Asks: 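First the structure, which I've put down as structure tokens, then a few questions once you've had a look.
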Amino acid sequence: MQKKRGIALLITVMFVIIITVAVGYTLKQINNSSKYVEKEKSLYQDHIFVDDVISLLNGSEQLKSIVDNKSAEELYVFLAGIESGIPLNNNGTHLIVYITSGRSTFAINFMDRIQEEFLYEYLTRYNVRGEYIELLKDVMKEPKEGIYYNTTIFEEDPTLFRGSIASMKHLKKINRFYKREYQDDSIDAINFTNLFNFSTDRNTTTERNVTIDLNYATSEVWELITGATPERAKFLSSQEVVYSSKEELYKGLSLGEEEKNRINKFPTDTFVPYLFIKMDIIRENITSHISFEYDMKNKKGYNFVYEI
């Protein structure tokens with residue numbers, strides 16, 4: 001256990017310098033190329049950017065040290081040093097790379113029956129109807145012959161992706177249907193960005209992959225997993241300490257037995273080495289957003305989302 005503000009907030013100078021030089025070089029090389037029309041060049045450029053970032057993460061000695069030492073404190077130092085993003089500019093292309101904890105939110109695609117009850121309770125506090133969970137479950141059902149849906153969402157939008165909730169953009173489509181179908185705008189009061197993540201790799205994902213890192217859990221997640229009031233949840237999420245174990249966290253935050261019992265219904269820990277990478281690429285005529293999760297231990301990126 002260590003005070004967050006007592007940790008030396010070492011800006012990760014070498015990492016920032018390396019990523020700036022590498023991606024800056026890519027920008028220069030591609031902007032000088034005449035092989036591609038504007039949109040094709042942009043798509044190619046974006047692909048190279050992602051490859052560069054993953055290569056730099058894979059080769060980072062700082063990330064290797066974090067994993068080898070299983071150090072919650074070192075992970076915090078790394079994330080604190082780049083929390084405002086890494087901006088890069090070259091010849092009219094503006095790139096900002098954001099790196100945050102990949103496990104500060106709840107993996108909705110892996111919700112079990114007990115967690116569903118807690119989510120129902122959470123939504124009810126905001127006057128959201130129970131049918132909303134049925135919508136989520138319908139969309140997460142694997143498409144197969146003879147499957148039964150409890151809602152009419154696919155009758156209205158037959159092309160809507162099904163099998164999992166793929167992204168925030170996908171969730172927003174579900175939310176729009178809910179508001180139209182039930183004439184209910186109460187769902188707008190919930191910050192789903194801070195509540196859900198969209199991990200979907202069911203065949204290879206282990207429990208560790210979807211574990212919530214309690215050192216980074218948002219107030220929305222604390223409210224969900226403990227049943228706390230919004231005020232208490234904000235207090236829990238604004239903790240001033242980096243905890244090395246759940247036992248230290250339980251004691252340090254003075255959690256009650258009921259809160260601890262609820263937390264234990266979710267996969268949680270105080271060191272989960274997964275990052276969430278977001279890249280905003282801004283050009284004169286095209287703006288694209290790329291996000292993906294990065295497994296620090298296995299040096300793998302997955303759940304890529306590309307939006308233009």
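These figures come from a predicted structure and were not determined experimentally.
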Asks: Verify, without hydrogens or angle tests, whether Thr270 (side chain) and Ser245 (backbone) share a donor-acceptor contact under 3.5 angstrom.
Replies: yes
Asks: Measure from the side-chain N and O atoms of Asp184 to the backbone N and O of Val128, and report whether any donor-acceptor pair falls under 3.5 Å.
Replies: no
Asks: Quick check on ring-ring contact (aromatic ring centres under 6.0 Å, His included): which of Phe106, Trp222, Phe110 does Phe266 satisfy it with?
Replies: Phe106
Asks: Spell out, as yes or no, whether a donor-acceptor pair under 3.5 Å connects the side chain of Ser60 to the backbone of Leu56.
Replies: no
Asks: For the side chain of Gln115 and the backbone of Lys265, is there at least one donor-acceptor N/O pair under 3.5 Å apart?
Replies: yes
Asks: For the residue pair Phe198 and Ser164, establish whether any side-chain heavy-atom pair is separated by less than 4.5 Å.
Replies: no
Asks: Show the nearest heavy-atom pair for residues Leu214 and Gln239, with the distance to one decimal.
Replies: O-NE2, 3.2 Å
Asks: Short question: side chain of Tyr274, backbone of Thr211 - any donor-acceptor pair under 3.5 Å?
Replies: no
Asks: How long is the span from the CG atom in Leu160 to the CG atom in Asp138, to the nearest 0.5 Å?
Replies: 10.5 Å
Asks: Quick check on the hydrophobic clustering: are Leu136 and Tyr120 connected, directly or via other members, by side-chain heavy-atom contacts under 4.5 Å?
Replies: yes
Asks: Identify the residue among Leu171, Ile153, Thr151, Asn109 that makes a side-chain contact (heavy atoms from CB on, under 4.5 Å) with Val139.
Replies: Ile153
Asks: So Lys179 and Asp188, salt bridge (Lys or Arg N to Asp or Glu O under 4.0 Å) or not? Walk me through it.
Replies: CA-CA 9 Å; Lys179 290 194 290 185; Asp188 291 337; 3.0 Å; yes
Asks: Is a side-chain donor or acceptor of Ser65 paired with a backbone partner of Glu61 at a separation under 3.5 angstrom?
Replies: no
Asks: Short question: side chain of Ser186, backbone of Asn127 - any donor-acceptor pair under 3.5 Å?
Replies: yes
Asks: Would you check if the side chain of Asn191 reaches a backbone N or O of Asn194 as a donor-acceptor pair within less than 3.5 Å?
Replies: yes
Asks: Would the distance check show the side chain of Ser199 and the main-chain N or O of Val210 forming a donor-acceptor pair, the cut-off being under 3.5 Å?
Replies: no
Asks: Is NZ or CZ of Lys278 both nearer than 6.0 Å to the six-membered ring centre of Phe276 and within 45° of the ring axis?
Replies: no
Asks: To the closest 0.5 Å, what do you measure between CD1 (Ile290) and CG (Asp46)?
Replies: 4.5 Å
Asks: Under a 4.5 Å cut-off applied to non-hydrogen side-chain atoms, are Asn150 and Lys141 in contact?
Replies: yes
Asks: Donor-acceptor check, side chain of Asp213 to backbone of Arg103, threshold 3.5 angstrom: yes or no?
Replies: no
Asks: Could you verify whether a donor N or O on one side chain and an acceptor N or O on the other, from Glu73 and Ser244, lie under 3.5 Å apart?
Replies: yes
